[in-house]
Amino acid sequence: MLNEISSRTNESIEEMIRKYSNMVYRLALSQTKNKADADDVFQEVFMRLAAHTKPFVNEEHRKAWLIRVTINCSRKLFRSAWFRRTVPLSDEVSECHTVEVSDVFDAVMALPRKYRTVIHLFYYEDLSILQISQLLSINESTVKSQLFRTRKLLRLKLGGDFDE
Amino acid sequence: MSKHMYRRAFDEIKPSPQLIQDTTANALKPQLSMKKSKYQRYAIASSLLVVVLLVGMVSLQINHNGTWGNQVDNIASQLPDNQGLTPNSALNKPILPQGLNNYVPFHANEYVMSKAPAPKQPLTYSELIQQSQIIVLGTIDDIGVYRHKDEQYNPKASFGTYIYTLKVDKVLSGNLEEGVDRVIPIAERAWAKPKDESEQKDIKEWSFSPYTGRPNEAAILEKGKQYVMLLSGTDASGVYAVPFDGYGIFPVDYIEQESSNHSLVELQGLLQNADDTPLKADLLYKIYSLYIKEEYL
């Protein structure tokens, strides 16, 4: 019986890693701007998921938990003296992009961290302004203004290439 | 272009198969053995730290006194007659002399006046977490009120320092040696007021309250109760500090009560519609306590 439960749990962890690996990794990279740090965050997030014993209400709840833990694990890195000495992301990630996409990627990576967070959650994870505000515990108006400023900054960097 | 281009830029980013494989393998490992190796690392690191500190203390003592004194006796000589201390049990029991070395008893004549600006609060949960290097679950073993010997008096308010000794039940995040008998000292500002304002010139009794933005039901900590404590690091003598004036201290019974009475969605809905600042602060603390439960407990 115990083996059965254990096997089922293990399967679900593997399944969760498969299902959410891209989401966690992309968010981690957008936060850390560094492949090695994104790798560390990725591992820590799923180790925490494996150690998480409380059940999730639904898949949406699990996804929100993973996003929040990814953001928090990434932010922990920013405090460390080691992180402050690291060099931000360079050609190692963007080399696989086309020139046009690479410009967008570089422009996004040059944004302040709080703007990178909201734009990623809004554009990539398709979260609503309300969901982002709940996830980050900030006002909806703050999310809106951060999105507005982010778009403005991207327009400045990319010229007319970046529209809503 | 915009969302489409953004998505394209990130679509091409994926974790390497090796990273997925390693993470899966690690996640499937029994937690116990993983923790054991982590503890072993902590034990080695803390043993080295203790050796370095001891060597430093020995050389300081020799330079200062020409001889090595008994640490506990030194602390005992600083211990007071308990005048004006509420509660005072910690002073009779120097559990962690090295931690309390820089703290002296809070005396009645240190009272200035009872005005102070509002305690600090984090703007967001992430800000709170960001300032917290270590998160522990522990039971309060003892409480006392002290004053840091180097602390300058604040002309606007009279502050002491609560020293809580916390028996660590579990390290939830960060690096702290975990063990059954591990007890750590934690400092929080104590706002001192005479019990009877009319007798300020000759104060006989003091009352203390934590200088914190925590709601009333979570403000005063009690011996024997379990708490989740967010700590920002230690001072030179190894006493742990709490960020945002102790806002990141959550009683476990409070967390349990709030999580059974409310859902996150419900609290977030209430927060969106709250106009009153104290109500907002109260709701935020509830929301953060639910986040803590969800993320760490």
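By convention in this document, chain letters (A, B, ...) are assigned in the order of the sequence lines, proteins followed by strands, and residues within each chain are numbered from 1.
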J.: How about A/Glu59: does its CD atom have over 12 heavy atoms from other parts shown lying under 6.0 Å from it?
T.: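 Yes, enclosed.
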J.: I need the A/Arg75 CZ to B/Gln131 CD distance, nearest 0.5 Å.
T.: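 One gets 11.5 Å once the value is rounded to the nearest 0.5 Å.
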J.: What verdict does the side-chain contact (heavy atoms from CB on, under 4.5 Å) test give for B/Tyr6 and A/Leu154, after you've listed the backbone C-alpha separation in whole Å, the side-chain angles of each residue and the deciding distance to 0.1 Å?
T.: CA-CA 11 Å; B/Tyr6 186 94; A/Leu154 289 174; 5.7 Å; no
J.: From A/Asp39 CG over to B/Ser16 OG, what is the distance, rounded to the nearest 0.5 angstrom?
T.: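 Separation between the atoms: 6.0 Å.
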J.: Examine whether an atom of B/Leu123 lies under 4.5 Å from a heavy atom of chain A, and if so say whether it belongs to the side chain, the backbone or both; otherwise answer neither.
T.: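 Looking at B/Leu123, just its backbone touches chain A.
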J.: Check each atom of A/His61 against the heavy atoms of chain B and say whether the ones under 4.5 Å are side chain, backbone, both or neither.
T.: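 Side chain only.
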J.: Could you measure the distance from the CG atom of B/Leu264 to the CD atom of A/Gln134? Nearest 0.5 Å is fine.
T.: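 Going from CG on B/Leu264 over to CD on A/Gln134, the span is 8.5 Å.
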J.: Checking heavy atoms, do the side chain of A/Leu130, its backbone, both or neither come under 4.5 Å from chain B?
T.: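 Contact with chain B involves the side chain of A/Leu130 alone.
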J.: Is it the case that over 12 heavy atoms from other parts of the model lie below 6.0 angstrom from the NZ atom of B/Lys225?
T.: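 It does: B/Lys225 NZ has more than 12 such atoms within range.
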J.: Looking at CD of A/Glu14 and CG of B/Leu28, how far apart are the two atoms once the value is rounded to the nearest 0.5 Å?
T.: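 Here the rounded value is 5.0 Å.
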J.: Taking all atoms of both residues into account, what is the closest heavy-atom pair of B/Tyr291 and A/Arg68, and its distance?
T.: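 In terms of heavy atoms, the two residues are closest at CE2-NH1, 3.2 Å.
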J.: For a quick test of reading the model, state the closest non-hydrogen atom pair linking A/Arg26 to B/Phe10 and the distance between them.
T.: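 In terms of heavy atoms, the two residues are closest at NE-O, 2.9 Å.
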J.: At a heavy-atom separation under 4.5 Å, does A/Ser133 approach chain B through its side chain, its backbone, both, or neither?
T.: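 The side chain, not the backbone.
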J.: Between B/Leu19 and chain A, which part of the residue has a heavy atom less than 4.5 Å away: side chain, backbone, both or neither?
T.: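 B/Leu19 touches chain A through backbone and side-chain heavy atoms alike.
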J.: Within this structure, what is the CZ-CD distance for the pair A/Arg48 and B/Glu295, rounded to the nearest 0.5 Å?
T.: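 Rounded to the nearest 0.5 Å, the CZ-CD separation comes to 5.0 Å.
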J.: Taking side chain to side chain contact (heavy atoms under 4.5 Å, CB included) as the criterion, tell me which of B/Thr23, B/Asn26, B/Ile20 meets it with A/Phe46.
T.: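 Option passing the side chain to side chain contact (heavy atoms under 4.5 Å, CB included) with A/Phe46: B/Thr23.
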J.: Could you check which of B/Lys293, B/Glu127, B/Lys14 has the highest count of heavy-atom pairs closer than 4.5 Å to chain A?
T.: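 Of the candidates given, the most pairs with chain A belong to B/Lys14.
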J.: Is it the side chain or the backbone of A/Leu27 that comes within 4.5 Å of chain B heavy atoms, both, or neither?
T.: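 Contact with chain B is absent: no heavy atom of A/Leu27 under 4.5 Å.
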J.: About how many Å separate CZ of B/Arg7 and OH of A/Tyr123, when rounded to the nearest 0.5 Å?
T.: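 If I round to the nearest 0.5 Å, the distance is 11.5 Å.
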